[in-house]
Amino acid sequence: MKLTKALQEKLEGIFKALDYKVRYEKGNFKSGYCLIEDQNIVVINKFYPRESKIGTLIEILRTIEADVNRLDSAQLKLLRKVQQTELQL
C-alpha cells in the first residue's frame with residue numbers, strides 16, 4: 001500500500017461511513033491520537049507527517065468495531081486489506 005493523500009482520504013471516508021469524525025488538531029497525545037469513543041471522534045496530531053497520520057488511521061481502524069453493512073464495496077475491500085496487511089513505515 002502506498003501511503004498517499006488518496007489513501008488517507010479513502011481511510012477518512014471509511015470513518016465517515018462508520019459515523020466517526022476525524023479531526024487533525026495540535027495536542028499532547030502520547031500515542032499521537034485521541035479516540036473519544038462515546039462521541040465517535042478521532043483526533044490526530046496535525047503536526048504528524050502524512051505517513052504517520054495514515055498509520056494512525058489504520059491502527060485505529062484495527063481497534064474499533066466496524067459495522068460493515070455501512071460500507072460500500074470499495075470501502076469494505078480497503079478495510080479488509082488494512083486489517084490483513086502489516087504496515088511498514
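Side chains are part of it too, since the values below use all heavy atoms of this structure and drop only hydrogens, waters and symmetry mates.
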Can you pull the salt bridge (Lys or Arg N to Asp or Glu O under 4.0 Å) pairs that have at least one residue in residues 12-22, sequence neighbours excluded? Asp19-Arg70
Indicate yes or no: at least one non-hydrogen side-chain atom of Leu18 is less than 4.5 angstrom from one of Leu71. yes
State, with a plain yes or no, whether a side-chain heavy atom of Leu11 is found less than 4.5 Å away from one of Val82. yes
Taking all non-hydrogen atoms of both residues, which atom of [X] and which atom of [Y] are closest, and how far apart?
X     : Y     : value
Lys53 : Tyr48 : CE-O, 3.1 Å
Leu78 : Leu7  : CD1-CD1, 4.0 Å
Gln8  : Tyr24 : NE2-OH, 3.1 Å

Pairwise distance [atom1]([X]) to [atom2]([Y]) - rounded to 0.5 angstrom:
X     : Y     : atom1 : atom2 : value
Arg80 : Gln84 : CZ    : CD    : 8.0 Å
Leu35 : Ile41 : CG    : CD1   : 10.0 Å
Cys34 : Ile44 : SG    : CD1   : 10.5 Å
Phe15 : Ile64 : CZ    : CD1   : 5.0 Å
Ile54 : Leu3  : CD1   : CG    : 5.0 Å
Ile58 : Gln83 : CD1   : CD    : 11.0 Å

Are the side chain of Thr56 and the backbone of Ser52 linked by a donor-acceptor contact shorter than 3.5 Å? yes
For Asp72, is there any backbone N or O sitting under 3.5 Å from a side-chain donor or acceptor partner on Gln75? yes
When you measure from the centre of the six-membered ring of Phe47, is the NZ or CZ of Lys26 under 6.0 Å away and within 45° of the axis? no
